[in-house]
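Contents: one structure, followed by commentary.
Whatever order the structure lists them in is the order used to number ligands and atoms, beginning at 1.
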Amino acid sequence: MPVEEFVAGWISGAAGLILGHPLDTVKVRLQTQNVYRGIVDCVIKTYQRESVLGFFKGMSFPICSVAVVNSVLFGTYSNSLLLLSSTSHQDRKAQPPNYGHIFVAGSIAGFVQAYCLAPFDLIKVRLQNQTEPRARPGVAPSHYRGPLHCARTILREEGPRGLFRGAWALVLRDTPSLGLYFLTYEGLSWWLTSDGSATMLVAGGFAGIISWVVATPLDVVKARMQMDGLKQQEYRGLLDCMVSSARQEGPGVFFRGLTLNSARAFPVNAVTFFSYEHLLRFLS
Ligand SMILES: CN(C)C(=N)NCCC[C@H](N)C(=O)O
């Protein structure tokens, strides 16, 4: 199992994450809180109450976890494709693998990384939704004082299964969308013929946009399921969350954050694939 795929996945994921985290924070708040009139209102209120640091809440843990998650994602994808079509990353330019194999390998990678991602993503969303200004005398302290305190508090208040709240929605979100993610990247790379940096950036960016457009409805459900355990339990399960969200707020609720997901997805994934490909060339 080529280890360089995992190392390249780790470093490239961290680069993309830092670039996109502020937009991700605004997206999560729009998806789970009905107090904002839109993107600009959320950005202004966040900056006014929490300064620019408010946009980076919940990032410290994903920076560590993206090492695991992204290396599992790219490593599992590449090795699944190797098993399915006996083409290693090096010879994929010469003989492009079957698109069905690419979609299946991407979906397997999406399924596997979702389970690694679930606890880290839950902690990220819980911290991103804390809108209190940074702790200072006279200001009510946040429920969670940081990622580790958040993990300990969830374990104490909701039990070990509490750390996997929303995991099913995450698996259903990522399995098909990651298949599409890698299919778009490989297909566009092949169609753009050159394997230069511009191709990596364009193909990676569009792979991010297309996969996040498909993933957004379940991204909304996932975030709501993750926030559900914090106070009272509002939903009896994933389906109940979907039905009651649609009934109370209309079907448009499943496209909350679509603009932000798309705007963020291009640069984040352009950088991710660009650094992944160059790191692989450097490492192998
Ligand atoms: C639609 N989904 C869930 C994905 N495309 N996931 C893989 C890319 C993840 C990347 N670090 C990002 O945050 O965009």
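Checked against a 6.0 Å centroid threshold, the rings of Phe282 and His278 do not count as neighbours. The distance between the ring centers of Phe206 and Phe273 does not fall below 6.0 angstrom.
Using modelled atom types and a 3.5 Å distance limit, the side chains of Asn269 and Tyr185 yield no donor-acceptor pair.
Residues forming a side chain to side chain contact (heavy atoms under 4.5 Å, CB included) with Ala270 (at least two apart in sequence, or on another chain): Leu201, Phe266.
With respect to Thr25, the side-chain hydrogen bond (donor to acceptor under 3.5 Å, both in side chains) criterion is satisfied by exactly one of Lys124, Lys57, Gln128: Gln128.
Within 4.0 Å of ligand 1, counting heavy atoms only, the contacting residues are Arg173, Asp174, Ser177, Leu178, Tyr181, Ser211, Trp212, Ala215, Arg264, Val268, Asn269.
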- Derivation of the side-chain contact (heavy atoms from CB on, under 4.5 Å) call for Arg173 and Leu170: CA-CA 5 Å; Arg173 182 195 80 173; Leu170 190 64; 3.5 Å; yes
